Amino acid sequence: MVAEISAGLLAAKAHTSPKFLYDALGSKLFEAICELPEYYPTRTEAAIFKAYGGDMAHVIGSGATLIDLGAGNCAKAASLFPLLQPAQYVPVDISRDFLLGAVAQLQQRFPHIEMTALGLDFSNGFALPDSVHAGRRVFFYPGSSIGNFSPTQAVDFLRGLRANAGPDGGLLIGVDLIKDHAVLDAAYDDALGVTGAFNLNMLRHLNHLAGADFDVEQWKHVAFFDFEHSRIEMHLEARCPLTVNWRGGERDFARGERIHTEDSYKYTRQSFVNLLERAGFATTRVWTDDDNWFAVIHARVI
């Protein structure tokens, strides 16, 4: 992990993986972001689940193994339990301690559902352990987290899910759609500064993981929509000339120099369907809100 962090910080254009945003505090800050008026994805997606959850359950069927990627507090999946009635729930998240706490509470509410929590980094591919039932597996990937991958990376990632899903498996995924850039910019740079705190907290996490000496007060949050690549970019920008040290590395940053921390790609409905097909999935249903700001898509293995 230190080698990965070091390679990113020493690159010509410094960058880090968005997975490092999610320590225990980062996970709680993201929960707060989801409550902000500017952050439309969570409430828009939730409205789609509320309006069409019955349709989704009909398409997916009951008794599946529901594998929740980036589960966080598990709230999104839990809201669908009465409809989907999974035989096994497998939440997966890089923030293991946070996940275990959430699952312990959830198991009390749904004692009849077998729950197997996996604290691991799935961003670079993974193999499911034997504790995950080999029957009908449905991957649940809400929140448009797929947008953290470039389109090419997303295809590779989805191919990995297809391989783990088995011949009768599927995918239920949330996808953020292209819309007015002012709406997008506000969602990632809110008036209260919660998203900024979320981004800056990653520096504290890097201090812990790599023995770095980032001073959070020397950095500021920057976010904007990149029209050319159809993505939101998040960066941390140096407020002054500074030097950062970590185990096995050091870098001087000029005032205004940035660390690229996260991308969030936005798609049209058809461009994402095309991406799914390239990965070996066939789209069965697409549900959207009235404004076509967000889509939830069910796809099955071809």
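Owing to the predicted nature of the structure, the values given are computational and were not obtained by experimental measurement. In what follows, every heavy atom counts, from backbone to side chain, and hydrogens, waters and symmetry copies are set aside.
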- Message: So does S144 get a backbone contact from the side chain of D176, meaning a donor-acceptor N/O pair under 3.5 Å?
- Response: no
- Task: Might you confirm whether atom CG of D252 has over 12 heavy atoms from other residues, nucleotides or ligands at distances under 6.0 Å?
- Result: yes
- Does a side-chain heavy-atom distance below 4.5 Å link I5 with L9? yes
- Please check if any side-chain donor atom of Y22 sits under 3.5 Å from a side-chain acceptor atom of D93, or the reverse. no
- Please assess E233 against R258 for the test salt bridge (charged side-chain N to carboxylate O under 4.0 Å, His left out), listing each intermediate value before the final yes or no. CA-CA 11 Å; E233 293 186 11; R258 294 173 175 175; over 6 Å; no
- Is the backbone of S131 close enough, under 3.5 Å, to the side chain of Q88 for a donor and an acceptor to pair up by distance? yes
- Distance-only, no hydrogens or angles: does the T261 side chain make a donor-acceptor pair with backbone N or O of M234 under 3.5 Å? yes
- What pairs meet the ring pair (Phe, Tyr, Trp, His ring centres under 6.0 Å) rule with one or both residues in residues 70-104, with sequence neighbours excluded? F81-Y89, F81-F110
- So, the side chain of D289 versus the backbone of W293: is there a donor-acceptor pair under 3.5 Å, distance only? yes
- Backbone N/O of Y265 and side chain of H229: donor-acceptor pair under 3.5 Å: no
- Message: Taking salt bridge (charged side-chain N to carboxylate O under 4.0 Å, His left out) as the definition, give me every residue that meets it alongside D68, ordered by chain and number, with sequence neighbours left out.
- Response: none
- What is the distance from atom CZ of R300 to atom CG of L276, rounded to the nearest 0.5 Å? 12.5 Å
- Would you call R239 and E237 a salt bridge, using N to O less than 4.0 angstrom? no
Show me the side-chain donor-acceptor pairs of residues 25-37 shorter than 3.5 Å, one per line, residues at least two apart or across chains.
| residue | atom | partner | partner atom | Å |
| --- | --- | --- | --- | --- |
| S27 | OG | D23 | O | 3.1 |
| E31 | OE2 | N73 | ND2 | 3.2 |

- Item | Ionic contact status for D168 with R136, cut-off 4.0 Å | no
- Query: Do R247 side-chain atoms and L209 backbone N/O form a donor-acceptor pair below 3.5 Å?
  - Reply: yes
- Please check if the side chain of N148 supplies one atom and the backbone of D263 the other of a donor-acceptor pair under 3.5 Å. yes
- Message: Are I173 and F139 linked, directly or through intermediate hydrophobic residues, by side-chain heavy-atom contacts shorter than 4.5 Å (ILVMFWY only)?
- Response: yes
- Query: Just one of Y188, F227, F224 clears the ring-ring contact (aromatic ring centres under 6.0 Å, His included) bar with H181, so which one?
  - Reply: F227
- Item | V132 to R137 - nearest heavy-atom pair and separation | O-NH2, 3.2 Å
- Message: Between T44 and Y40 (side chain of the first, backbone of the second, donor and acceptor by atom type, cut-off under 3.5 Å), is there such a pair?
- Response: yes
- Between F253 and W219, what is the ring plane arrangement, given parallel below 30°, perpendicular above 60°, and tilted in between? perpendicular
- Item | Expected output: side-chain S17 to main-chain F20 donor-acceptor under 3.5 Å | no
- Message: Test: salt bridge (charged side-chain N to carboxylate O under 4.0 Å, His left out). Region: residues 69-84. Which pairs qualify, not counting sequence neighbours?
- Response: E45-K76
- Message: Using a 3.5 Å distance criterion without hydrogens, assess whether the side chain of N207 forms a donor-acceptor pair with backbone atoms of G211.
- Response: no
- How would you list, by chain and number, every residue that makes a salt bridge (charged side-chain N to carboxylate O under 4.0 Å, His left out) with R269, sequence neighbours excluded? none
- Message: Is there a side-chain contact between E4 and K19 in this structure, where contact means two heavy atoms from C-beta onward sitting under 4.5 Å apart?
- Response: yes
- Same cluster for V222 and V194 if Ile/Leu/Val/Met/Phe/Trp/Tyr side chains link at under 4.5 Å? no
- Task: Locate the shortest heavy-atom distance separating S6 from W246; write the atom from each residue and the value.
- Result: OG-NE1, 3.0 Å
- In Å and rounded to the nearest 0.5 Å, what is the CG to CZ distance from L275 to F281? 11.0 Å
- Message: Counting only heavy atoms not in Q105 (residues, nucleotides, ligands), do more than 12 fall under 6.0 Å from its CD?
- Response: no
- Message: To the closest 0.5 Å, what do you measure between CZ (F122) and CG (L69)?
- Response: 5.0 Å
- Dump the intermediate steps for side chain to side chain donor-acceptor pair (under 3.5 Å) on E114 and H133, then the final yes or no. CA-CA 10 Å; E114 180 183 346; H133 296 177; 3.0 Å; yes
Name each donor-acceptor pair under 3.5 Å that joins a side chain in residues 149-167 to protein atoms two or more places apart or in another chain, with its distance.
| residue | atom | partner | partner atom | Å |
| --- | --- | --- | --- | --- |
| S150 | OG | Q153 | N | 3.2 |
| S150 | OG | Q153 | OE1 | 3.3 |
| Q153 | OE1 | S150 | N | 2.9 |
| R159 | NE | R278 | O | 3.4 |
| R159 | NH2 | R278 | O | 3.2 |
| R162 | NE | G280 | O | 2.9 |
| R162 | NH2 | I302 | O | 2.9 |
| N164 | OD1 | L128 | N | 3.3 |
| N164 | ND2 | F126 | O | 3.1 |
| N164 | ND2 | G160 | O | 3.0 |

